[in-house]
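Computation of the quantities below employed the complete heavy-atom set of this structure, encompassing side-chain atoms and omitting hydrogens, waters and symmetry-equivalent molecules. All chains are named by letter (A, B, ...) in the order of the sequence lines, taking the proteins before the strands, and each is independently numbered beginning at 1.
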Number of protein chains: 2
Amino acid sequence: MENITEMLKGVLEGCVLEIISRGETYGYEITQQLRELGFTDVVEGTVYTITMRLEKYNLVDIEKKRSTMGPPRKFYTLNAAGQEHLEVFWRKWEFVSSKINELKQNQNEKEQ
Amino acid sequence: MENITEMLKGVLEGCVLEIISRGETYGYEITQQLRELGFTDVVEGTVYTITMRLEKYNLVDIEKKRSTMGPPRKFYTLNAAGQEHLEVFWRKWEFVSSKINELKQNQNEKEQ
DNA sequence: AATCAGTACTATGTATTACTATATACTTGT
DNA sequence: ACAAGTATATAGTAATACATAGTACTGATT
């Protein structure tokens with residue numbers, strides 16, 4: 001799916017939070033998981049800006065670990081604030097997506 | 001629902017297109033319809049920037065009409081390009097929202 | 001040993017977009 | 001005359017995903 005950039009704004013951070021919430025992970029792996037999910041054009045730089053933001057707002061705990069596959073990895077885990085943030089995200093998503101689907105549903109009412 | 005601004009980016013334009021597709025309407029009325037839908041904090045300025053964009057990319061036809069309730073209204077209708085754009089929007093929405101719901105669905109697989 | 005591919009983090013700058021705030025103007029009711 | 005509701009217009013701001021590039025480590029190929 002091409003050019004979904006703008007539609008991803010505001011949801012990509014939540015997706016990253018959700019991925020982290022499933023267990024310790026790091027930037028490169030998060031990028032790959034987003035690509036596997038279907039957001040194939042997401043690049044490392046994008047995920048990096050998000051993880052930096054999560055750090056900045058203290059939503060994650062960080063641990064640096066060596067890897068046999070390349071340079072050290074920065075592992076993230078959600079802390080309490082991050083968990084809270086994730087729940088708020090899903091509540092917002094439920095709200096917004098339900099409203100948009102409502103609009104979509106009414107598509108056939110055009111001719112009234 | 002507070003602070004859904006970022007989540008509306010990339011979808012609000014599509015919502016406006018959908019509203020216009022149901023029949024001739026104008027900026028002020030579009031704003032009200034978005035508010036009725038649940039996006040209560042959307043303001044006229046926001047809708048104005050969107051309709052200006054639609055004009056700029058020639059997705060709408062415009063007709064100015066007098067009103068008994070205030071200054072003249074600028075009525076919009078979707079043209080063929082706008083209709084096409086709207087269909088692309090819904091395809092993108094289907095894709096993105098299904099992927100995010102997939103992610104959400106798997107919430108309980110965290111402990112595997 | 002030298003090079004390259006894959007892994008992995010970091011950094012800067014840009015485009016897009018919704019919002020804020022404000023200005024202008026028309027109509028009706030008081 | 002004035003205020004409130006209706007309605008368009010515009011400049012400036014903040015947030016975010018992306019493009020692009022750089023640095024660095026490991027293992028395999030040459």
For A:Thr5 and D:dT16, is the shortest distance between a side-chain N/O and OP1 or OP2 below 4.0 Å? no

Hey, quick one: are A:Ile50 and A:Tyr28 part of the same hydrophobic cluster, counting side-chain heavy atoms closer than 4.5 Å, chains of contacts allowed?
no

To the nearest angstrom, the CE-C1' distance between A:Met69 and D:dC25 comes to 12 Å

| said: For a quick test of reading the model: is some side-chain N or O of A:Tyr26 closer than 4.0 Å to OP1 or OP2 of C:dA8? | reply: yes

Tightest non-hydrogen contact, residues A:Gly10 and B:Met7, listed as O-CE, 3.9 Å

Atom CZ of A:Arg73 and atom C1' of C:dT10 are separated, to the nearest Å, by 17 Å

> How is A:Thr31 classified with respect to the nucleic acid when contacts are heavy atoms under 4.0 Å: base, sugar-phosphate, or nothing?
Replying inline: nothing

When rounded to whole Å, the CD to P distance for the pair A:Glu44 and C:dA8 reads 10 Å

From CD of A:Glu63 across to P of C:dA8 the rounded distance in Å is 16 Å

Checking C:dA8, D:dA7, C:dT10 against the side chain of A:Pro71 (C-beta onward), the nearest is C:dA8

- Are OP1 or OP2 of C:dT16 and a side-chain N or O of B:Arg53 less than 4.0 angstrom apart? no

task: Would you indicate what A:Thr68 reaches in the nucleic acid, counting non-hydrogen atoms under 4.0 angstrom: base, sugar-phosphate, or nothing?
output: sugar-phosphate

* Asked: With sugar-phosphate meaning primed atoms plus P, OP1 and OP2, does B:Thr49 contact a base, only sugar-phosphate, or nothing at under 4.0 Å between heavy atoms?
  -> base

Whole-Å distance, A:Tyr48 OH to C:dA11 P, equals 4 Å

Exercise. Under the 3.5 Å rule, do the base of D:dA15 and the side chain of B:Lys9 count as making a donor-acceptor pair?
Worked result: yes

Walking DNA chain D from its 5' end, the first of B:Lys64 and B:Gln32 to be reached, judged by nearest nucleotide, is B:Gln32

Comparing A:Met52 with A:Gly70, nearest DNA chain C nucleotide closer to 5' gives the residue A:Gly70

A:Tyr76 versus A:Glu63, side-chain donor and acceptor atoms under 3.5 Å: no

A:Ile50 atom CD1 is separated from C:dA8 atom C1', nearest whole Å, by 17 Å

Out of C:dT7, D:dC18, D:dA9, minimum distance to the side chain of A:Thr46 belongs to D:dC18

Assign each of A:Val42 and B:Pro72 the nucleotide of DNA chain D bearing its closest heavy atom; nearer the 5' end lies the nucleotide of B:Pro72

Taken to the nearest whole Å, OH/B:Tyr28 to P/D:dG5 is 9 Å

Rounded to whole Å, the NZ-C1' distance (B:Lys56 to C:dT16) equals 10 Å

By nearest-heavy-atom nucleotide on DNA chain C, the more 5' of A:Gly27 and A:Glu6 is A:Gly27

Nearest heavy-atom approach of B:Leu37 to A:Lys99 is O-CD, 3.0 Å

Worksheet item: Has B:Lys56 got more than 12 heavy atoms of other residues, nucleotides or ligands less than 6.0 Å from its NZ?
Response: no

Answer yes or no: does a side-chain N or O of B:Arg66 lie under 4.0 Å from OP1 or OP2 of C:dC26? no

### Message
Membership question, hydrophobic clusters at under 4.5 Å side-chain separation (ILVMFWY): are B:Leu86 and A:Ile4 in the same one?
### Response
yes

